[in-house]
Amino acid sequence: MPVVQLVNILTPCLTLPFQMDLTMLTSFVSVPRISAGTGAQLLELLVTLYYHGYLHMLFCCDTGINGEVAIVSYEGSCIVALSAEVVKKLSMKPTPVTTKDKSAWPPVNPLSSNDTLEVQVTAFVECSQPGSSFLDISLQSTTQKPLHNTSIHFICGDGIVLVKTVIDVVVSDVELWWPNSLGNQTLYTLTANVNGDASSTMSRRIGLRTVRMVWEDLPSGEEGLSFYFEVNGVPLFMKGASLVPLDVFASRVTVNKTRFLLEAALEANYNGIRVWGGGDYMPESFWDLADELGILVWQDFQFASALYPRHKPFVDSVKQEVSYQASRLVGHPSLIVFCGSNEAVIDSNRSVPASDTSGQLQTFTSDLTVLFDQGVRQALWAVAPNTAFYASSPSNGALVDKPDQGLFIHRYGNAFDGRWGDVRHYSDNGDFSNWNSFPIGRLVSEYGFQSFPSTATISDALNVSELSFDCLEMRHRQHHPHDMSGNMFVANQIKKYFNTPTIMEMNTTTFFERFIYLSQIVQAF
């Protein structure tokens, strides 16, 4: 009997709001998946505050299935996912840095033409019945020139079987994939087929490149660790922004809109994008475009700014989510790291008063460890053991992270320390011209200041000639955590740097369009 699958082809999208206004690069928050019911009857729901009016968005929740739904029928076996990790054949560890001369750091160890790359392929094969099967794997260039063909025998069992193989390629025989400004974005086609059945074939594009998150001792005995990324042995200075959903109605997001966003990022000299953990996972169209344009992607798993449960049914569902997303995304050369969450670590701390002696902090920390350090990390190890993982943003990362031993220990402490991990910086009332006030970090994952969207964007919904910066309509769209002070923060910063009228005189219909423009200048500054 044929097996029938009901497949939801999800098309969530994370990009910038307001019709590509690059004006709202602020921090964002979500709430947890909610467990409803008692005993074994649990309903797990994913609810993100992005669609619940946080900061700048409308309170408007999507309902129902987002994307196309397909019925897939097959007999025997069906490939449900195909992933590929690319690693250097020999150790990726660079020569230890012993010099005290900072000008010689970080070290540059580019791949040589004699190096060999391992393409570690995993096919996720769903079997309808047990039996002996063959998996054919091929790797071709865009001109259909075959680079490798192999056939693997495996035994089908119940459920999904992971069929793995390794393809060796010499660097001199291929073209490497590079981020934009460093080289070409050459892509290859990886194809898998079960038992020669055309209906059981899956293909995807991959790039041949190595990526390493370099987290090592610093020169001159400085305290802390480095935190940068290396592609093909070349260190990178990351430049980019965090992405939130492009539209409050996900179904209105199109490939053209996504392309417009990424090409705009390219023109702004971005080489990286962080997919923020409080919205949605990106669709294939986004990843394909990132691969083509050479934009590196930091992927947060979709957990943000909340405390999450640790009961087994919930953790098991999270593991399935991680496994699915990793199997879908590993192979895209633009992917450089998975991050466990956005702000889950700092929320476990700031949710407990400093004077608390009830043991809540220990409970929250234990919950965090079970869900993220064990659940998420172990699920990722099983699917993508060589893909970089960062515990949470911001955080101090891992004290121990050894995939070969299945050991992960988080480095707890002040998540904003900056010596061991990433940092963030927001200062609504600060002096933006005083760079000495900014925190020094190895990697800055978020920073910025809000501005108003462009006049053309506001005009789609409101009559601009009737508005002022702190009118009821603008207060309604202002979701700054500090009550309604967000508009005044913007006004005060404009007043600080420009020769403008008083705050009261700026809050007029005649000054509104000028206020919008100045708010964007301040935000860019």
Side-chain angles (χ1 to χ4, degrees), residues 15-29 49-60 241-248 260-261 264-265 267-268 270 276 424-439 444 446-525:
T15 44
L16 291 171
F18 302 125
Q19 300 182 8
M20 256 311 297
D21 267 330
L22 298 176
T23 58
M24 296 301 295
L25 300 182
T26 55
S27 62
F28 305 96
V29 178
L49 272 186
Y50 182 84
Y51 298 107
H52 285 69
Y54 186 76
L55 287 181
H56 56 280
M57 287 305 297
L58 299 170
F59 187 98
C60 188
S242 296
L243 271 68
V244 301
L246 177 60
D247 200 303
V248 69
F260 180 79
L261 170 77
E267 291 177 8
Y270 288 10
W276 168 71
R424 300 182 178 187
H425 179 61
Y426 293 103
S427 179
D428 293 322
N429 287 316
D431 181 0
F432 298 162
S433 64
N434 180 16
W435 60 268
N436 288 309
S437 66
F438 301 161
V444 183
E446 278 188 21
Y447 65 94
F449 184 75
Q450 66 161 305
S451 74
F452 277 46
S454 297
T455 303
T457 300
I458 298 176
S459 298
D460 283 345
L462 300 168
N463 186 343
V464 174
S465 65
E466 298 176 354
L467 304 176
S468 61
F469 83 79
D470 206 35
C471 65
L472 289 177
E473 292 88 345
M474 291 299 101
R475 285 192 177 194
H476 181 71
R477 70 165 294 280
Q478 176 58 256
H479 297 167
H480 193 282
H482 298 297
D483 195 26
M484 293 298 176
S485 56
N487 293 339
M488 294 306 299
F489 282 137
V490 177
N492 288 333
Q493 289 291 355
I494 290 175
K495 186 66 180 171
K496 186 182 298 183
Y497 299 107
F498 295 96
N499 183 20
T500 58
T502 65
I503 297 294
M504 184 174 294
E505 291 171 325
M506 280 198 291
N507 191 28
T508 61
T509 56
T510 56
F511 198 82
F512 184 57
E513 290 192 47
R514 188 178 175 193
F515 183 93
I516 290 172
Y517 177 72
L518 292 176
S519 77
Q520 295 181 6
I521 296 296
V522 169
Q523 193 262 1
F525 178 56

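The backbone N or O of S465 sits nowhere less than 3.5 Å from a side-chain atom of E513 that would complete a donor-acceptor pair.
Using a 4.5 Å heavy-atom threshold, the side chains of I521 and Y497 count as separate. Here the side chains of L261 and L246 are not in contact, with every heavy-atom distance at 4.5 Å or above. A 4.5 Å side-chain heavy-atom check between V522 and K496 finds every atom pair outside the cut-off.
Residues passing the side-chain contact (heavy atoms from CB on, under 4.5 Å) test with V444, sequence neighbours excluded: V423, Y447. Taking the ring-ring contact (aromatic ring centres under 6.0 Å, His included) definition, one finds that F469 meets it with F515, sequence neighbours left out. For F432, the ring-ring contact (aromatic ring centres under 6.0 Å, His included) criterion is met by F449, not counting sequence neighbours.
Q450 contributes atom CD, which lies 7.5 Å from atom CG of D428 (distance to the nearest 0.5 angstrom). Rounding to the nearest 0.5 Å places CZ of R477 at 14.5 Å from CG of L472. Here the CD atom belonging to E446 is positioned 3.5 Å from the OH atom belonging to Y426, to the nearest 0.5 angstrom. A distance of 11.5 Å separates OG1 in T457 from CG in L462, rounded to the nearest 0.5 Å. Interatomic distance, CE of M506 versus CZ of R514, reported as 9.5 Å (0.5 Å rounding).
Closest heavy-atom contact between S468 and M474: O-CG, 3.3 Å. The minimum heavy-atom distance between S519 and I494, with the atom names listed, is N-CD1, 3.6 Å. The shortest non-hydrogen separation linking L467 to F512 is O-CB, 3.3 Å. Annotation for N487 and Q478: closest pair OD1-NE2, 2.8 Å, computed over non-hydrogen atoms. Contact between Q520 and S451 at its shortest, heavy atoms only, is CG-OG, 3.7 Å. Nearest approach of T502 to K495, heavy atoms of both residues: N-NZ, 4.0 Å.
Using modelled atom types and a 3.5 Å distance limit, the side chains of D470 and N507 yield no donor-acceptor pair.
The number of heavy-atom neighbours closer than 6.0 Å to CD of E473, taken from other residues, nucleotides and ligands shown, is above 12. Within a 6.0 Å radius of CG in N499, no more than 12 heavy atoms belonging to other residues, nucleotides or ligands are found.
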